[in-house]
Amino acid sequence: MTATLLVGLDGHGSGDRALAHAQHLARLIGDCELVVAYIIEWSPYSFHTPEENAERHKRREEEIHTAMTRVIQPAVKKLNDAGLKASGVVRHGDVAGVLIAISEEKNADQIIVGRSSEGGFTRRIFGSAVSNLVMSASVPVTVVD
């Protein structure tokens, strides 16, 4: 049976540490798939003018493309080059909620995130979002220093 590990990346050092820990765990487990994820915070509750709504979709697509090329694709390549099975995903939304949703979609056995960062994902989630992730996830969450 293949184990699935979901790794939350932030494009900074803490994401790299989370990825390294996940790679180590995958080697220990053996039959393992890694899913690397980058979440772009995006509130569905913000209100926009009609002009802003017209630009919103285009901006979302550009953000997804940028995150895929700068963060996800290099991480997946690194894991594949190390002989591991990996895939990646970029989504918009609440960081904790989206990571939990991805873990459920992918039937992840564990979620791995970094604790601290120079910015981005873990800076945003350290505090209430990390607490929400740890308390709400249906699988174990590992927070890497």
Side-chain angles (χ1 to χ4, degrees), residues 1-46 52-145:
M1 183 171 164
T2 301
T4 302
L5 304 177
L6 173 60
V7 187
L9 299 183
D10 64 356
H12 296 285
S14 63
D16 293 341
R17 292 187 297 277
L19 190 65
H21 183 69
Q23 185 173 348
H24 173 73
L25 287 178
R27 291 203 182 290
L28 292 174
I29 293 168
D31 188 11
C32 188
E33 178 180 353
L34 294 156
V35 178
V36 292
Y38 185 91
I39 312 306
I40 302 166
E41 277 194 305
W42 191 286
S43 172
Y45 304 108
S46 56
E52 289 171 325
N53 283 332
E55 291 295 318
R56 189 174 193 194
H57 179 72
K58 180 180 175 187
R59 192 170 82 222
R60 284 174 59 120
E61 294 302 314
E62 290 169 353
E63 289 174 340
I64 289 171
H65 176 74
T66 299
M68 282 297 280
T69 57
R70 292 185 183 170
V71 179
I72 296 298
Q73 289 172 349
V76 169
K77 182 180 183 329
K78 178 181 179 179
L79 295 169
N80 289 335
D81 289 350
L84 298 169
K85 185 168 37 167
S87 61
V89 61
V90 176
R91 301 259 176 93
H92 283 90
D94 169 68
V95 175
V98 174
L99 283 174
I100 290 168
I102 295 170
S103 75
E104 292 168 354
E105 290 169 19
K106 302 291 186 177
N107 295 316
D109 297 290
Q110 186 174 104
I111 301 170
I112 302 166
V113 295
R115 180 182 66 83
S116 62
S117 174
E118 300 82 48
F121 170 72
T122 49
R123 183 177 72 185
R124 292 191 304 261
I125 75 162
F126 190 66
S128 64
V130 138
S131 297
N132 289 340
L133 180 62
V134 170
M135 291 186 300
S136 301
S138 60
V139 297
V141 176
T142 301
V143 182
V144 178
D145 187 22

* Structure fact -> N80 meets the side-chain contact (heavy atoms from CB on, under 4.5 Å) criterion, sequence neighbours left out, with V76, A86
* May I have all residue pairs that pass ring pair (Phe, Tyr, Trp, His ring centres under 6.0 Å) and include part of residues 13-36, sequence neighbours excluded? => none
* Asked: side-chain contact (heavy atoms from CB on, under 4.5 Å) with A20: which residues, sequence neighbours excluded?
  -> none
* Which residue pairs pass the ring pair (Phe, Tyr, Trp, His ring centres under 6.0 Å) test with at least one member in residues 93-112, sequence neighbours excluded? -> none
* Asked: Please, which pairs that meet side-chain hydrogen bond (donor to acceptor under 3.5 Å, both in side chains) have at least one residue in residues 82-92, sequence neighbours excluded?
  -> E63-H92, R91-E105
* Who are the side-chain hydrogen bond (donor to acceptor under 3.5 Å, both in side chains) partners of T142, not counting sequence neighbours? -> Q110
* Structure fact -> Rounded to the nearest 0.5 angstrom, the CD-CG distance for Q23 and L19 is 6.5 Å
* Judged by atom type as modelled, is there a donor-acceptor pair below 3.5 Å linking the side chain of S136 to the main-chain atoms of L133? -> no
* With sequence neighbours excluded, give me every salt bridge (Lys or Arg N to Asp or Glu O under 4.0 Å) pair touching residues 21-31. => none
* Taking the side chain as every heavy atom from C-beta outward, state whether V143 and V113 have any atom pair closer than 4.5 Å. => yes
* Asked: How would you list, by chain and number, every residue that makes a side-chain contact (heavy atoms from CB on, under 4.5 Å) with A18, sequence neighbours excluded?
  -> V7, I112
* **With sequence neighbours excluded, residues passing salt bridge (charged side-chain N to carboxylate O under 4.0 Å, His left out) with K106** => none
* Asked: Looking only at atom types and distance, does a side-chain atom of N132 sit under 3.5 Å from a main-chain N or O of A96, one as donor and one as acceptor?
  -> no
* Structure fact -> Residue set satisfying side-chain contact (heavy atoms from CB on, under 4.5 Å) with V71, at least two apart, ordered chain then number -> L9, Y38
